[in-house]
Amino acid sequence: MTTPLVEMDGDEMTRILWTMIKDELILPFVELKTEYYDLGLPKRDETRDQITIDSAEATKKYGVAVKCATITPNAKRMDEYKLHEMWRSPNGTIRSILDGTVFRAPITIPSIKPAVKSWEKPITIARHAYGDVYKGVEIRVNEPGVAKMVFEGASGAREEVVIQEFKGEGVLQGMHNTDKSIRSFAHSCFKYAIDTRQDLWFATKDTISKKYDARFREIFEEVYEKDYKQAFEAEGLEYFYTLIDDAVARVMRSKGGYIWACKNYDGDVMSDMVSTAFGSLAMMTSVLVSPDGNYEFEAAHGTVTRHYYKYLQGEETSTNPMATIFAWSGALRKRGEKDGIDALVNFGNQLEGACFDTLNEGIVTKDLVNLVEGMTPKAVNSANFIKAIRERLEKRLG
């Protein structure tokens, strides 16, 4: 390696797997160069979350990052970790700084059939990575009163609307997005569709949200007509917009094999649905692509808290590391592509191939045992699963 990856360590069981993966599958084969950031909750609290911001800025500097799963704290976590503040989602912070789009696609193998019988090809979720509820501000209302939304323009223009006249206690939230970010989202989706030769679906709820969601629809239409319609038609690709509830119905009846573009929260929820229906939350790739060509590879799932507590008690765990391994393989491959290091690109490909070899031989983690068809699977713990991948990786690398 000539340029470092930005390495973002994480929390709980995925942090344990992170070390196992590096020790068994990366360091024996790659002269690894990383700029390391500990995004574990204790360090984020210690630095008042500055370390999260620093890791995102480093990604803009070096162009490629790999991230472990991290905790977004709630009230319970506040007490458990004795936090100074209920810090925001680190993913949300990083995505806000990098902008762009998160592309998530299931990792599929022949022996695991999708729960939705009509699905024949993977469905890629394109999730907008900025704003909405993830940049929302909130107020807990403790008495009667009037809630208003006010915009004061730089020109002196002022617009004010009443949100609600509270008769008692309640809660309210304000969220936003920008034309610039929505436009970047649209360009990323159309480019990715052309690069991967897949149709693009986009869905919001503009019948209810006649300004907010409608703005997404308008910008997508504008960008498509101006910059991509000709290329789509030349490739025989289709772009269409529909309501989010209609999109869900269409997805369930479809054969798959397309990109489904969603707003931030919709993409969060729908990517979990798609990954679970294809097999497991741990069997999904996730990469954030920014408009200026920066990449952040991560696992799409959480920190596997339940397994972590078992691990702390000395119990054996069988946590699926596939998504985290694919975050590493994707990041190393992209680093190799950017730096012109063919051996690094090949290593990323061979690492993924070794994962498929292992699964296709029936060696699996416990979450996949009841999903495998046509063979008798052998369930192993996390450490032995990673060792089995290493054996097959060594064979592939000769």
Side-chain angles (χ1 to χ4, degrees), residues 13-14 17 20-21 25 68-69 102-127 196 198 201 247-248 250-260 262 266-287 297-307 317-330 348-349 351-386 388-389 392-393:
M13 198 62 217
T14 43
L17 293 176
M20 288 184 187
I21 291 165
L25 301 178
C68 184
V102 177
F103 293 96
R104 289 180 170 172
I107 301 166
T108 60
I109 57 174
S111 60
I112 296 179
K113 308 297 183 189
V116 181
K117 292 181 180 179
S118 64
W119 290 357
E120 298 174 1
K121 299 176 183 177
I123 296 167
T124 300
I125 298 289
R127 175 186 172 188
T196 58
Q198 295 183 87
W201 301 11
V248 171
R250 286 173 178 260
V251 165
M252 289 301 168
R253 294 194 301 265
S254 76
K255 293 183 179 181
Y258 49 82
I259 299 164
W260 180 11
C262 297
D266 295 341
D268 192 358
V269 176
M270 297 307 171
S271 64
D272 277 12
M273 181 197 74
V274 167
S275 64
T276 303
F278 269 102
S280 168
L281 280 172
M283 298 280 283
M284 176 167 263
T285 62
S286 181
V287 55
F297 294 82
E298 63 179 351
H301 57 73
T303 58
V304 203
T305 306
R306 185 170 57 86
H307 286 198
T317 63
S318 182
T319 316
N320 191 332
M322 284 287 288
T324 307
I325 294 171
F326 272 60
W328 274 102
S329 62
N349 293 335
L351 177 54
E352 291 178 6
C355 290
F356 286 123
D357 292 344
T358 305
L359 292 170
N360 289 332
E361 289 174 36
I363 301 170
V364 299
T365 46
K366 284 184 179 178
D367 61 313
L368 302 180
V369 168
N370 294 329
L371 303 175
V372 171
E373 299 176 13
M375 66 172 75
T376 302
K378 178 186 176 184
V380 295
N381 62 33
S382 303
N384 287 337
F385 183 69
I386 290 171
I389 293 171
R392 286 148 187 81
L393 178 59

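Throughout, numbering of the chain's residues begins at 1 and tracks the sequence. The model shown is predicted, which means the values in this text are computed figures rather than measured ones.
Side-chain contact check for Met322 versus Leu359: some heavy-atom pair is nearer than 4.5 Å. Between Arg127 and Asp268, the closest side-chain pair of non-hydrogen atoms falls below 4.5 Å. In this structure the side chain of Val380 never reaches within 4.5 angstrom of the side chain of Ser318, judged on heavy atoms. In this structure, Ile21 and Thr324 have side chains that are in contact, with non-hydrogen atoms separated by less than 4.5 Å. The closest side-chain heavy-atom distance from Arg104 to Glu298 is below 4.5 Å.
The side-chain contact (heavy atoms from CB on, under 4.5 Å) search around Ser111 returns Ile109, Val372, Met375, not counting sequence neighbours. Glu352 meets the side-chain hydrogen bond (donor to acceptor under 3.5 Å, both in side chains) test with Ser329, Arg333; sequence neighbours excluded. Qualifying side-chain contact (heavy atoms from CB on, under 4.5 Å) partners for Val369, counting only residues two or more places apart in sequence or in other chains: Val364, Pro377, Ala379. With sequence neighbours left out, Asn384 forms a side-chain hydrogen bond (donor to acceptor under 3.5 Å, both in side chains) with Asn381. Looking at residues two or more places apart in sequence or on another chain, you find a side-chain contact (heavy atoms from CB on, under 4.5 Å) between Lys113 and Glu373. Listed by chain and residue number, Phe356 satisfy the ring pair (Phe, Tyr, Trp, His ring centres under 6.0 Å) test with Phe326 (two or more places apart in sequence, or in another chain). Looking at residues two or more places apart in sequence or on another chain, you find a side-chain contact (heavy atoms from CB on, under 4.5 Å) between Thr358 and Ile363, Phe385, Ala388, Ile389, Arg392. Residues passing the side-chain hydrogen bond (donor to acceptor under 3.5 Å, both in side chains) test with Asp266: none are found, sequence neighbours excluded. Evaluation of the side-chain hydrogen bond (donor to acceptor under 3.5 Å, both in side chains) rule for His307 yields Thr319 as partners, not counting sequence neighbours.
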Q. Yes or no on side-chain contact (heavy atoms from CB on, under 4.5 Å) for Lys366 and Thr317, after CA distance, side-chain angles and deciding distance?
A. CA-CA 9 Å; Lys366 284 184 179 178; Thr317 63; over 6 Å; no
Q: List the steps and the verdict of side-chain contact (heavy atoms from CB on, under 4.5 Å) for Thr108 and Lys121.
A: CA-CA 9 Å; Thr108 60; Lys121 299 176 183 177; over 6 Å; no
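Taking CZ of Arg306 as the reference point, atom CE of Met13 lies at 11.5 Å (rounded to 0.5 Å). Taken to the nearest 0.5 Å, the CD1 atom of Ile112 stands 10.5 Å off from the CG atom of Asn370. Rounded to the nearest 0.5 Å, atoms CD1 (Ile325) and CD1 (Ile386) are 5.5 Å apart. Taking SG of Cys68 as the start and CG of Leu17 as the end, the distance is 8.0 Å to the nearest 0.5 Å. Atom CD1 of residue Ile107 and atom CG of residue Asn320 lie 8.0 Å apart, to the nearest 0.5 angstrom.
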Side-chain donor/acceptor pairs under 3.5 Å, residues 250-259, sequence neighbours excluded:
{"from": "Arg250", "atom 1": "NE", "to": "Asp246", "atom 2": "OD2", "distance (Å)": "2.7"}
{"from": "Ser254", "atom 1": "OG", "to": "Val251", "atom 2": "O", "distance (Å)": "2.9"}
{"from": "Ser254", "atom 1": "OG", "to": "Gly256", "atom 2": "N", "distance (Å)": "3.3"}
{"from": "Ser254", "atom 1": "OG", "to": "Tyr258", "atom 2": "OH", "distance (Å)": "2.8"}

Residues 273-285 side chain polar contacts: donor-acceptor under 3.5 Å, at least two apart:
{"from": "Ser275", "atom 1": "OG", "to": "Ser271", "atom 2": "O", "distance (Å)": "3.1"}
{"from": "Ser275", "atom 1": "OG", "to": "Asp272", "atom 2": "O", "distance (Å)": "3.1"}
{"from": "Thr276", "atom 1": "OG1", "to": "Asp272", "atom 2": "O", "distance (Å)": "2.8"}
{"from": "Ser280", "atom 1": "OG", "to": "Ala282", "atom 2": "N", "distance (Å)": "3.1"}
{"from": "Ser280", "atom 1": "OG", "to": "Asp367", "atom 2": "OD2", "distance (Å)": "2.9"}
{"from": "Thr285", "atom 1": "OG1", "to": "Ala105", "atom 2": "O", "distance (Å)": "3.1"}

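Minimum heavy-atom separation, Ala327 to Ala299: CB-N, 4.2 Å. In terms of heavy atoms, Pro114 sits closest to Trp119 at CG-O, 3.6 Å.
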